[in-house]
There are 4 protein chains.
Amino acid sequence: MSRQPDPNRRSEQARQAILSAAADLCAEVGFAATTVEAIAARAGVGKQTIYRWWPSKAAVLLEHMQRARETSADFPDTGDIRADLLAQTTAVEALFASHSGAIWRGLLIAAQSDDIAADGVRALLEKAVTDATKRLSTAQVNGELRADADLDMAVEIIYGPLYHHWLLRARPVPNGYMKEILNVVFDGLNPRRH
Amino acid sequence: MSRQPDPNRRSEQARQAILSAAADLCAEVGFAATTVEAIAARAGVGKQTIYRWWPSKAAVLLEHMQRARETSADFPDTGDIRADLLAQTTAVEALFASHSGAIWRGLLIAAQSDDIAADGVRALLEKAVTDATKRLSTAQVNGELRADADLDMAVEIIYGPLYHHWLLRARPVPNGYMKEILNVVFDGLNPRRH
Amino acid sequence: MSRQPDPNRRSEQARQAILSAAADLCAEVGFAATTVEAIAARAGVGKQTIYRWWPSKAAVLLEHMQRARETSADFPDTGDIRADLLAQTTAVEALFASHSGAIWRGLLIAAQSDDIAADGVRALLEKAVTDATKRLSTAQVNGELRADADLDMAVEIIYGPLYHHWLLRARPVPNGYMKEILNVVFDGLNPRRH
Amino acid sequence: MSRQPDPNRRSEQARQAILSAAADLCAEVGFAATTVEAIAARAGVGKQTIYRWWPSKAAVLLEHMQRARETSADFPDTGDIRADLLAQTTAVEALFASHSGAIWRGLLIAAQSDDIAADGVRALLEKAVTDATKRLSTAQVNGELRADADLDMAVEIIYGPLYHHWLLRARPVPNGYMKEILNVVFDGLNPRRH
DNA sequence: TGCTAACCGAGACGGTACGTCGCGTCTTGTT
DNA sequence: AACAAGACGCGACGTACCGTCTCGGTTAGCA
């Protein structure tokens with residue numbers, strides 16, 4: 001039976017140093033080379049201090065990601081769903097291109113083999129999906145979307161291409177990418193009727 | 001100066017044993033636990049025989065994937081683009097659910113930190129994108145698609161959601177998923193005009 | 001720049017287990033089969049723990065030998081040089097026949113290709129030579145030896161035959177061997193004058 | 001059941017190349033680094049050609065040593081045993097300092113763990129001992145040696161110091177070393193009576 | 001003179017051990 | 001008691017040689 005550490009005695013300094021070191025390393029040398037040993041060395045911290053508070057390196061990066069997420073704004077609601085989606089996805093694009101992008105990429109990888117990472121990633125992802133779904137729901141009520149649209153699926157149609165491009169094809173997202181995607185998503189690929 | 005071995009003297013038996021062992025292990029214990037050591041043991045082969053012909057375990061699995069790909073049929077062309085896309089994406093769904101799905105998942109992960117894997121994955125992915133783009137191009141010429149549609153982007157709109165669902169949200173793809181996605185992709189999310 | 005570990009944090013338990021395992025293995029399966037891997041397995045220790053403190057298996061066995069040497073008594077000095085030499089060489093005979101003999105044999109081998117082993121073996125050998133030389137020097141002063149005898153050479157005449165017999169000819173040392181050798185060494189091979 | 005190769009079809013060229021390569025390597029990089037692969041590469045020969053005719057690298061070097069031995073002169077017999085021993089041991093000193101010395105050193109090592117090498121070394125060693133014993137026997141009959149001297153032991157007293165110095169203490173044998181040794185061996189360490 | 005069996009070079013093969021890296025745990029003072 | 005430091009048992013890494021095996025290509029002897 002493992003001992004639970006006392007959060008009150010926790011060193012905030014060490015916590016910050018670890019989170020920063022992990023994030024910096026992930027951005028500089030990539031997720032695979034961001035080992036617990038390297039984080040500890042860079043943070044000037046004992047390995048035990050990491051393992052005491054986080055179950056794995058993915059958990060550290062996850063906390064970093066969650067904090068970044070918390071500070072980010074809510075899903076915008078100007079009344080214009082396409083404008084709001086464009087604003088939101090543009091923010092996501094910016095995140096992908098930033099240091100946090102490297103971390104998020106690492107977490108998505110870790111989630112494939114690490115259950116804890118998978119849970120955290122799922123939570124973040126579901127939160128994002130839920131936020132988007134809510135906004136889409138409002139739009140649907142307002143008649144901006146087809147009434148029979150499956151909104152969870154709609155979210156995947158909107159964000160799927162972006163992930164496909166950035167994560168799988170490993171390409172920088174070009175300017176106007178999401179604008180174009182949203183055009184298709186809303187207007188469809190069918191030839192316009194006139 | 002490193003020597004590369006003579007492919008003529010290569011043992012086809014060992015090759016097959018290695019590819020099979022790697023694929024089986026990946027399906028049974030996952031990509032992370034599919035170590036070169038385990039592959040060698042399972043294939044009844046020396047580790048050196050693996051390293052002689054492949055630079056990493058990802059390269060082994062990549063070859064397995066490439067072979068699977070080669071044997072798969074071309075993109076269908078019945079003249080009905082939506083039916084063809086549905087057939088093709090259904091085949092992809094089946095692949096994702098099969099043993100090859102576990103391997104492909106592992107390769108997509110490996111590609112994030114292993115340049116060789118990244119090159120191989122890119123090649124497979126670009127091949128798939130090109131095939132789809134060609135079929136879409138025919139459809140576009142035939143007036144089945146908007147003339148101004150960016151086809152590379154269209155491919156991402158079609159496959160992106162599937163990957164988002166299967167890989168990132170780690171959910172089994174439900175029946176009719178791609179049918180629904182294709183409905184949106186072609187008809188758009190906008191309310192229908194009567 | 002390589003880091004050397006902190007001896008204060010060293011596990012005495014692991015140290016003893018390694019030294020014992022190495023000695024036992026050397027006695028049981030011989031020096032060649034006494035691999036670092038086998039020592040680690042037998043000692044219930046990680047290979048790294050061996051490599052952390054010793055540069056090679058020879059160094060481990062060397063330490064074992066040095067410890068055995070430290071606990072052994074000094075060169076005897078009863079005033080009778082021939083009796084003292086007989087006592088000392090008899091002790092060496094016993095060592096050769098014991099487990100330590102197998103280890104010492106292995107070290108003499110290793111010293112031929114491993115510089116670290118060579119240094120250690122040299123040190124042990126020179127210590128033994130020096131001890132013997134000192135005792136012989138006393139005897140020389142007391143008139144028990146020719147005044148012009150080269151004592152370092154005398155030591156080799158005394159111990160050389162023993163090593164020749166045991167190590168090179170690989171024969172068990174028969175009873176009374178050294179007594180006979182000492183007879184010749186002191187009285188010479190020349191016919192006795194009456 | 002293993003096939004015996006036909007000695008008539010043996011390539012003398014390969015034989016010589018292997019023997020030379022092995023000897024050169026042993027002299028240049030030492031016995032430990034003289035691997036079968038290195039010998040084969042240097043001799044421009046397949047590994048199988050070595051294994052077909054010799055059971056191990058030690059056997060190759062043994063053959064080299066045996067050939068060197070055959071060409072060497074017999075034990076000299078001028079009627080003066082001390083002069084003859086000095087001549088013979090001087091020749092041995094020269095051998096130790098030559099390339100053959102490195103090989104012989106390697107064989108003495110190999111003999112400790114390789115039964116085939118041990119047999120070969122034993123044979124060479126016993127041959128040398130027998131030769132020396134015979135010469136000593138003649139001297140004993142002639143009254144040059146004490147009648148009760150054990151001649152096998154006498155051989156070890158003569159050669160033991162030389163091996164101790166060269167092999168174990170790994171020191172070059174200084175000029176006049178054996179002359180001095182022989183003085184002690186014949187005259188003894190006892191103070192001279194006057 | 002053409003056949004065929006054996007040796008040849010080359011080097012791939014199944015293995016064993018190497019020495020290193022990072023894991024996650026445990027231990028030792030310090031603060 | 002949490003901390004930094006880092007030693008520990010462990011498992012996999014990628015490499016070096018081992019001794020065996022399989023390939024063509026020469027190279028004898030026998031037909």
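Every value quoted in this text rests on a predicted model; they were computed, and no experiment measured them.
The CD1 atom of C:Ile39 sits 13 Å away from the C1' atom of E:dC18 (whole-angstrom rounding). Straight-line distance from the CH2 atom of D:Trp54 to the P atom of F:dG19: 15 Å, rounded to whole Å. Atom C1' of nucleotide E:dG9 and atom CZ of D:Arg42 are separated by 18 Å, given to the nearest angstrom. Atom-to-atom, CD of A:Glu37 to P of F:dC8 comes out at 14 Å; the value is rounded to the nearest Å. What separates CD of C:Glu12 from P of E:dT27 is a distance of 16 Å, to the nearest Å. As rounded to whole Å, 12 Å separates atom P of F:dC3 from atom CG of A:Asn8. Rounded to an integer number of Å, the gap from D:Lys47 NZ to F:dA16 C1' is 10 Å. As a whole-Å value, the separation of C:Gln13 CD from F:dG9 C1' is 12 Å.
Each of C:Arg15 and B:Ser56 was matched to the nucleotide of DNA chain F holding its nearest heavy atom; the match closer to the 5' end belongs to C:Arg15. Residue-to-nucleotide proximity on DNA chain F shows that, of C:Pro7 and D:Lys57, the 5′-proximal contact is made by C:Pro7. If C:Thr34 and B:Asp6 are placed on DNA chain E by their nearest nucleotide, the residue sitting closer to the 5' end is B:Asp6.
OP1 or OP2 of F:dG9 has at least one side-chain nitrogen or oxygen of C:Thr49 nearer than 4.0 Å. Put simply, C:Trp53 has a side-chain N or O that comes within less than 4.0 Å of OP1 or OP2 on F:dC8. The side chain of A:Ser11 contributes no N or O atom lying less than 4.0 Å from OP1 or OP2 of F:dA2.
Using a 4.5 Å cut-off on side-chain heavy atoms (C-beta onward), D:Trp104 and D:Leu167 make no contact. Looking at heavy atoms from C-beta onward, C:Lys57 lies out of side-chain contact with C:Thr35 at the 4.5 angstrom threshold. Counting heavy atoms from C-beta on, the side chains of D:Trp53 and D:Arg10 come closer than 4.5 Å. With contacts defined as side-chain heavy-atom distances shorter than 4.5 Å, the pair B:Leu19/B:Trp54 qualifies. Using a 4.5 Å cut-off on side-chain heavy atoms (C-beta onward), D:Glu28 and D:His99 make no contact.
Closest to the A:Gln48 side chain, of the nucleotides E:dG14, E:dT25, E:dG22, is E:dT25. In the set F:dA7, E:dC23, E:dC13, the nucleotide with an atom closest to the side chain of B:Arg10 is E:dC13. The nucleotide whose nearest atom lies closest to any side-chain atom of B:Arg9 is, among F:dG14, E:dA12, F:dG9, E:dA12. In this structure, the nucleotide among E:dC23, F:dA7, F:dC10 sitting nearest to the side chain of C:Arg52 is F:dA7. Side chain of D:Pro5, nearest nucleotide from E:dC7, E:dA17, F:dC18: E:dC7. For A:Tyr51, whose side chain is taken as the heavy atoms from C-beta onward, the closest listed nucleotide among E:dC13, E:dC23, E:dT20 is E:dC23.
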